[in-house]
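Order of listing sets the numbers, starting from 1, for every ligand and every atom in it. These numbers were taken from a predicted model, which means no experiment stands behind them.
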Amino acid sequence: MKKRWWNDKIAYQIYPKSFCDSNGDGIGDIPGILTKLDYLKALGVDILWLSPVYPSPFADQGYDISDYYAIGREFGTMEDFDRLLAETKKRDMYVIMDLVVNHCSEEHEWFQKALADPEGEYADYFWFVKGENGEAPTNWRSYFGGSAWEKVPGTDKYYLHMYAKAQPDLNWENPRLRREIFDMVNWWLDKGLAGFRIDAIINIKKTPAFHSYPVDGPDGLSSCAHMVEEARGVGELLQELKQNTFEKHDAFTVGEVFYMKEEELEEFVGDEGHFSSMFDFSAHLLGESEKGWYAATEVPFRLWRETIFNSQKKAEGIGLLANIIENHDEPRGVSHYLPRHAQNELGKKLLGATWMFLRGIPFFYQGQELGMTNCLRCDISEYDDISTHDQYRKALEAGCTREEALACCYAFSRDNGRTPMHWTDGENAGFTTGKPWLALNPNYTEINAAEQEGRADSVLNWYRRLTALRKAHNDTFTYGRFLPVYESKEDVFAYIRENEETGERILFAGNYGTAGVELSLCGGREVLATNCGREAELNAQLKGGRLTLGSCECAVVLLWA
Ligand code: GLC
Ligand code: CA
């Protein structure tokens, strides 16, 4: 594997709208982010990923962009953004932005021009397709529910939108559209941006002819994902994108890729791959049902462990995956992955350490470092997220009660990760002096950065320790092999990272069970960290060739080479 500047970095996703509000309008902004750079630096973070801060009508919280060359006024100005680039640079940090180019907003000038002249050149920037007998061209369901087609007013055509109808899909077969995108990407990279997180990118390749698929839901439609699975040739588009943009700037890219064919991993993240890295969503997909959130099933610990081990093994020798426990589309990791008995600080630290030392690039999501949790709402009207409303409807239609449908939202809503960040236990958690755009999780009075700052055994200080430890053994954790161990122990998540060049070997072992476990361990040299303050005790155990871990306890142990 080639050594690249990003391989050993730690990244942090900021959801700007909910991070820090500097002017009291209830919306987080770039000046707010600027006030938190030292906090992020102290956490040990190198790369900041900003979810979209472009102008947008917010049909899908900024993932519907109406101008790719500007900063949305809610978020500040281009001067603020330039200041962010300068201030991060001073601190040896990098900024990447979201690149959302499967679709734009219906308010983007390209789409407006296309609507104004549906036979003109801009119509060909999109997918304007004739209907069949007065109906949509195919039976595709958009990812957010309902038909993926919307009538182009005054014509017999429909435009394709795989997401919301306010997000028309762009036509990547059109070389002029591709050129526009390449120019835009280069414009940002020339400005000093370090790269991009690339949104929904697998969807840019469509099948050459559009046809319906067998109905797969009570709405009489069929998921547009079937088309994505049938489509071939996304790699050519991605290579062209890379060669015309990222490669020339040595930019870091991380793809949001679903429906990849397994044998394509090397094409995506190998040395010559389309991207520097891509998110490992394998654990997040577990338990999901095509029917919707209401039909999701519980994921047993062992399946979760096995799934992560498999991803780790598959990527070895090929490239680096980007590891997450949560993001702005997922429930909070501690609420989702931890069994009930582990829903406490010890459990949160256990999960954090399990994730931190995996092979790949760790991506924090804001608030993860505090152990922020899912947020209970009493009525569907309290949710903002477009997909939550769709899933709630689906649950009711399938016969769930209102309470059951709300319970699904509590477990899975994308708003769980989007509530404002908890800075203090004061008014609005110190996020804003105004009215927050989305109601806070009331538990900010207990879970907040100010309280954790000064408490040595807080989740925040544990994460600081973990990032420091990762950096202190940089090469081992970046390039070292990944070896699962103690797999026969039902509740133990454990692996060794082994540096083939130096011989350094480090064990991570965590106990997700309710009872204590004893592991036999020969070759233990030094306990580097435990989440329970038992360093001295466990060090003493090493001499006897064993290691005991109580419920939710974990240890990082340096082994003899
Ligand atoms: C990605 C984003 C998600 C958005 C979707 C459409 O999945 O992460 O938030 O809704 O793309 O842009
Ligand atoms: Ca603001």
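- Shown in contact with Arg197 at under 4.0 Å from a heavy atom are these atoms of ligand 1, numbered in order with element: 2 (C), 8 (O).
- Those atoms of ligand 1 that come under 4.0 Å of a heavy atom in His103, given as number and element, are 6 (C), 12 (O).
- Numbered from 1 in the order shown, with element, the atoms of ligand 1 that lie under 4.0 Å from a heavy atom of Arg414 read 3 (C), 4 (C), 9 (O), 10 (O).
- Results of the salt bridge (Lys or Arg N to Asp or Glu O under 4.0 Å) test with Lys205 over Glu230, Glu173, Glu236 single out Glu173 as the only residue that passes.
- A salt bridge does not link Arg377 with Asp384: every distance from a Lys NZ or Arg NE/NH1/NH2 to an Asp or Glu carboxylate oxygen is 4.0 Å or more.
- The shortest non-hydrogen separation linking Phe111 to Ser105 is CB-O, 4.0 Å.
- At the shortest separation from atom 5 (C) of ligand 1 among protein heavy atoms lies Tyr163 CE2, 3.7 Å.
- The pair Asp124-Arg176 fails the salt-bridge criterion, with no side-chain N (NZ, NE, NH1 or NH2) lying under 4.0 Å from an Asp/Glu carboxylate O.
- His389 pairs by the ring pair (Phe, Tyr, Trp, His ring centres under 6.0 Å) definition with nothing, not counting sequence neighbours.
- For the residue pair Gln13 / His328, a side-chain donor-acceptor distance below 3.5 Å is found, with atom types taken as modelled.
- Glu180 and Tyr68 are not linked by any side-chain donor-acceptor pair at a separation below 3.5 angstrom, with hydrogens and angles left out of the test.
- Summarising the geometry of Ser289 relative to Ala296, their closest heavy-atom pair is CB-N, 4.2 Å, with the distance given to 0.1 Å.
- Looking only at protein heavy atoms, the nearest one to atom 11 (O) of ligand 1 is Asp199 OD1, 2.8 Å.
- Arg91 and Glu87 are joined by a salt bridge, as a carboxylate oxygen and a charged side-chain nitrogen come within less than 4.0 angstrom of each other.
- Side-chain polar atoms of Asp415 and Ser413 form no donor-acceptor pair below 3.5 angstrom.
- In terms of protein heavy-atom proximity, atom 9 (O) of ligand 1 is closest to Asp329 OD1, 2.7 Å.
- The nearest protein atom to atom 4 (C) of ligand 1, hydrogens excluded, is given as Asp60 OD2, 3.3 Å; this is a heavy-atom distance.
- Against a heavy-atom cut-off of under 4.0 Å, Phe144 is close to the following atoms of ligand 1: 10 (O).
- Remark: ligand 1 atoms within the under-4.0 Å shell around heavy atoms of His328 are 2 (C), 3 (C), 8 (O), 9 (O).
- Distances under 3.0 Å from the Ca ion (ligand 2) pick out the protein N/O/S atoms Asp21 OD1, Asn23 OD1, Asp25 OD1, Ile27 O, Asp29 OD2.
- Here the heavy atom of the protein found nearest to atom 7 (O) of ligand 1 is Glu256 OE2, 2.7 Å.
- Ion pair Arg197/Asp199 flagged as a salt bridge, since at least one NZ, NE, NH1 or NH2 atom sits closer than 4.0 Å to an Asp/Glu carboxylate oxygen.
- With ligand atoms numbered from 1 in the order given, ligand 1 contributes 9 (O) to contacts under 4.0 Å with heavy atoms of Arg418.
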